[in-house]
Amino acid sequence: MPVVKVRFAPSPTGNLHVGNLRTAVLNYLYARNQGGTFILRIEDTDMERSEARYETSIMDDLKWLSINWDDGPYRQSERTDLYRDFANTLLEKGLAYKCFCPKEKLENARHASLDKGEPPRYDGRCRALSPEELKSFEEEGKPYVVRFRAPRKAIFFRDGIRGQIEFPPDHVDDFILLKQELTPSYNFAAAIDDMTMGITHVIRGGDHISNTPKQIMLFEAFRKKPPKYAHHSLLVGNDKKPLSKRHGATRITEFRDMGILNVALLNYMGILGRGVMKEVMNEDELARTFTLKSLSGSDSVFDMEKLFWFNKEHIRRMPVERLLEVTGLDQTYSEKVFLLRENARTVVEIRELLSIFEGTEIADSGLSYLASSSCFQAVVAVVRNALNDSRDITLEDILEKVVHTVDAPKKELFLVLRILITGRTDGPPLKDIFHFIPSVHILERIRWLDQRLSSQ
RNA sequence: GGUCCCAUAGUCUAGUGGCCUAGGACGCUGGCCUCUCACGCCGGAAACGGGGGUUCGAAACCCCCUGGGACUACCA
């Protein structure tokens, strides 16, 4: 049994979005599950649209998710000679031919047949050029492309996720191998790369199913055994359309900015569209339990709410040390972060909750509750006096004073107190956090509240 | 138009002919716990796209329809 070798082959024509990312994750997990190698290959044969900055950002995103490649990155733009060699071999064997048809003419013919409701395919005009014609075109220096002499035969393969898939003999026409600049087309480059790199399993999106017969034919033309193919479903947005640049938060870095943990994103990508026994898993568990068979063939909606849930779960499991790192806080915060993490879905929320210890204002939610409370002025007075009498007063003492002086439901009293002390309506138990909050901050908050009320 | 893929609750799935009065998870929701929120615990609403077969029996198998999607480029 040969060692498993898979690849992730993005084209650097844009930033990675979750759809592409999922393909990378699936390949990565399969490689790790099988003890195989994971190759990164940059498919930059489209000179027009490929940009170096996208290549960089794709690699940065992969690194952030700890999806490390064992080999590469290979760039197709650096392998042009290789593709030409392979094309020449085909030319020599008569398995490919030069096509001199002008681009515009083909384009027109294509639209014409499309309008007539006919299949738009190459008419094979240059398929059987006479030696004389060929020679004269070549001497003229007439531009050409290299076309594959596609055999008219049915192609079938066993998909690792979908099972048997079969294509009729006329599915593939004489597609282009080398474009006019003699650079490879996608299908040619992909097949040659998979062939020469010894890829054993091609795991990619279902949008490539119809390309597969072309690539298999190429393998057969070189008398090579094609890899195993597995076409996973596509990720779609709420509108059920495949994810693309159009959909909101498509940039991976945006997830990081939102306070999403890399392990949470990896987790979600690793189980989305899959039937699993347990959902919350770390990288090792994800790899250990991964099988192609567990992948579903139908498209999956990317659900941000579910990602938030995974994030929350991972925040709660993460060592405080690590949490401090991603939050950008030093050791002195470890107790506070430890207390706050139960209340946060994202690392951004952890930072916001820090205002409990450091802020001197009162959040809107707190303000609106106070506005609906009839007793808060009385509580303010008690708290202020208590604090002025002694800066070392305990929460218990304050509580007792408030309960004895102000006549209001206990629940209301407690909430008002919480708001005055923390500036928020949510947060960990007051008794756990009170000793971290300097009394001057509380007095400051009360002063802020006074000003706010008097200025209205 | 042609070819191919897909079809269980709002979402992701389990289900390989009887164990399904369809299970789990997110979300939503009622209650308990509680100074608030969160956590936790206990409950609830919510699905087999439609029609034909096959079978003693169909969510599961076959066919048709419908609906989504992909490919059909000198894009990848």
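Lettering follows sequence order; numbering is per chain, from 1.
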- request: Could you check whether I176(A) gets within reach of a base, just the sugar-phosphate, or nothing at all, counting any heavy atom under 4.0 Å?
  value: base
- line: Taken to the nearest whole Å, CG/N343(A) to C1'/C37(B) is 6 Å
message: Of the options C71(B), G69(B), C74(B), whose atoms approach the side-chain atoms of K241(A) most closely?
response: G69(B)
task: Report the nucleotide, chosen from U13(B), C75(B), G24(B), that has the shortest atom-to-atom distance to any side-chain atom of E279(A).
output: G24(B)
- request: Report the nucleotide, chosen from C4(B), C35(B), C71(B), that has the shortest atom-to-atom distance to any side-chain atom of I165(A).
  value: C4(B)
field: N-O pairing of K240(A) and D299(A) below 4.0 Å
entry: no
field: Interatomic distance at C1', U29(B) relative to G68(B), whole Å
entry: 31 Å
message: Less than 4.0 angstrom between a side-chain N/O of K411(A) and OP1 or OP2 of U34(B), yes or no?
response: no
task: Could you measure between the two C1' atoms, the one in A22(B) and the one in G18(B), and give it in whole Å?
output: 14 Å
query: To the nearest Å, how far apart are H171(A) NE2 and U3(B) C1'?
result: 6 Å
task: Answer yes or no: is there an ion pair linking K105(A) with D123(A), defined by an N-O contact shorter than 4.0 Å?
output: no
- prompt: Between K179(A) and E181(A), is there a side-chain N and carboxylate O pair less than 4.0 Å apart?
  reply: no
message: Distance check, rounded to the nearest 0.5 Å: T23(A) atom OG1 versus R204(A) atom CZ?
response: 10.5 Å
statement: D299(A) CG to U11(B) C1', in whole Å, measures 14 Å
- request: Determine the interatomic distance between C1' on G23(B) and the same-named atom on U16(B); round to the nearest Å.
  value: 16 Å
message: What's E166(A) touching, base or sugar-phosphate or nothing? Going by heavy atoms closer than 4.0 Å.
response: sugar-phosphate
- prompt: Contact class for R49(A) (heavy atom, under 4.0 Å): base, sugar-phosphate, or nothing?
  reply: base
- request: Please state how far atom CG in L430(A) lies from atom C1' in U36(B), giving the value in whole angstrom units.
  value: 8 Å
query: Would you call K306(A) and E279(A) a salt bridge, taking side-chain N to carboxylate O under 4.0 Å as the test?
result: yes
- prompt: Mind checking who G43(B) pairs with, Watson-Crick or G-U wobble, both distances under 3.5 Å?
  reply: U29(B)
- line: Closest of C5(B), G69(B), C74(B) to the K103(A) side chain is C74(B)
query: Which is true for G427(A) with a 4.0 Å heavy-atom rule: it touches a base, it touches only sugar-phosphate, or it touches nothing?
result: base
query: C1' atom, U13(B) versus C48(B): distance in rounded Å?
result: 13 Å
message: By the 4.0 Å heavy-atom rule, please label T45(A) as base, sugar-phosphate, or nothing.
response: sugar-phosphate
message: Using a 4.0 Å heavy-atom cut-off, does V145(A) contact any base of the nucleic acid, only the sugar-phosphate backbone, or nothing at all?
response: base
field: Base of A76(B) paired with side chain of N211(A) (donor-acceptor, under 3.5 Å)
entry: yes
message: From C-beta outward on D303(A), which listed nucleotide comes closest to its side chain: U3(B), C26(B), A76(B)?
response: C26(B)
query: On RNA chain B, nearest-nucleotide positions of R274(A) versus R418(A): which is more 5'?
result: R274(A)
field: Which residue lies more 5' along RNA chain B, comparing I161(A) with K306(A) via nearest heavy atoms
entry: I161(A)
query: Roughly, in whole Å, what's the span from CD in E342(A) to P in U36(B)?
result: 16 Å
- prompt: Which class fits the ring pair F137(A) and F100(A): parallel under 30°, tilted 30 to 60°, perpendicular over 60°?
  reply: tilted
task: Please name the pair of heavy atoms, one in R274(A) and one in L286(A), separated by the smallest distance, quoted to 0.1 Å.
output: NH2-O, 4.3 Å
- prompt: Hey, does the side chain of S298(A) come within less than 4.0 Å of C5(B)'s phosphate (OP1/OP2), counting only N and O?
  reply: no
statement: Rounded to the nearest 0.5 angstrom, the CD-OH distance for Q76(A) and Y83(A) is 4.0 Å
task: Could you check how far CG of N238(A) sits from C1' of C26(B), rounded to whole Å?
output: 13 Å
- prompt: Quantified in whole Å, what is the C1' atom distance between nucleotide U8(B) and nucleotide A25(B)?
  reply: 15 Å
query: Is H208(A) touching bases, backbone alone, or none of the nucleic acid, heavy atoms closer than 4.0 Å?
result: base
message: Is there a side-chain contact between S296(A) and the phosphate of U13(B), meaning an N or O under 4.0 Å from OP1 or OP2?
response: yes
query: How are the rings of F436(A) and F357(A) set to each other: parallel, tilted or perpendicular (split at 30° and 60°)?
result: perpendicular
field: A47(B) versus A59(B) - spacing of their C1' atoms, nearest Å
entry: 10 Å
message: Checking base pairs now: Watson-Crick or wobble, both atom distances under 3.5 Å. What partners U34(B)?
response: none
message: For a quick check of understanding: with a heavy-atom distance under 4.0 Å over all strands, which category does T425(A) fall into, base, sugar-phosphate or nothing?
response: base
task: Name the nucleic acid region contacted by L272(A), choosing base, sugar-phosphate or nothing; use a 4.0 angstrom heavy-atom cut-off, strictly under.
output: sugar-phosphate
- prompt: To the side chain of P242(A), which of C26(B), C75(B), G69(B) is closest?
  reply: G69(B)
task: Looking at every strand, decide which applies to P429(A) at a 4.0 Å heavy-atom threshold: base, sugar-phosphate, or nothing.
output: base
message: Within the 4.0 Å heavy-atom criterion, would you say Q180(A) contacts the bases, only the backbone, or no part of the nucleic acid?
response: base
- request: For nucleotides U54(B) and A60(B), find the distance between their C1' atoms and express it as a whole number of Å.
  value: 13 Å
Protein N or O to nucleotides 62-67 of chain B N or O, pairs below 3.5 Å:
none

Rounded interatomic separation in angstrom, taking NZ from K278(A) and P from A14(B): 19 Å
- prompt: Between R345(A) and E305(A), is there a salt bridge with N-O shorter than 4.0 Å?
  reply: yes
- request: Identify which nucleotide among C35(B), C74(B), A25(B) has an atom closest to any side-chain atom of F414(A), counting heavy atoms from C-beta outward.
  value: C35(B)
task: Give the minimum heavy-atom separation between P227(A) and V202(A), together with the two atoms involved.
output: CG-CG2, 3.7 Å
message: Would you say R110(A) places a side-chain N or O within less than 4.0 Å of OP1 or OP2 belonging to A73(B)?
response: yes
- request: For residues F302(A) and Y268(A), establish whether the separation of their ring centroids is below 6.0 Å.
  value: yes
- prompt: What's the CG-P distance between D426(A) and U36(B), to the nearest Å?
  reply: 13 Å
- request: Quote, to the nearest angstrom, the P distance that separates G53(B) from A46(B).
  value: 30 Å
N or O in side chain of K179(A) less than 4.0 angstrom from A76(B) OP1/OP2: yes
- request: Report the relative orientation of the aromatic rings in F290(A) and Y30(A); use parallel for angles under 30°, tilted for 30 to 60°, perpendicular for over 60°.
  value: perpendicular
Taking N or O atoms only and anything under 3.5 Å, show me the protein contacts with nucleotides 40-47 of chain B, one pair per line.
none

task: Verify side chain to side chain donor-acceptor pair (under 3.5 Å) between R22(A) and S300(A), making sure each step is shown before the conclusion.
output: CA-CA 11 Å; R22(A) 176 154 169 266; S300(A) 300; 4.7 Å; no
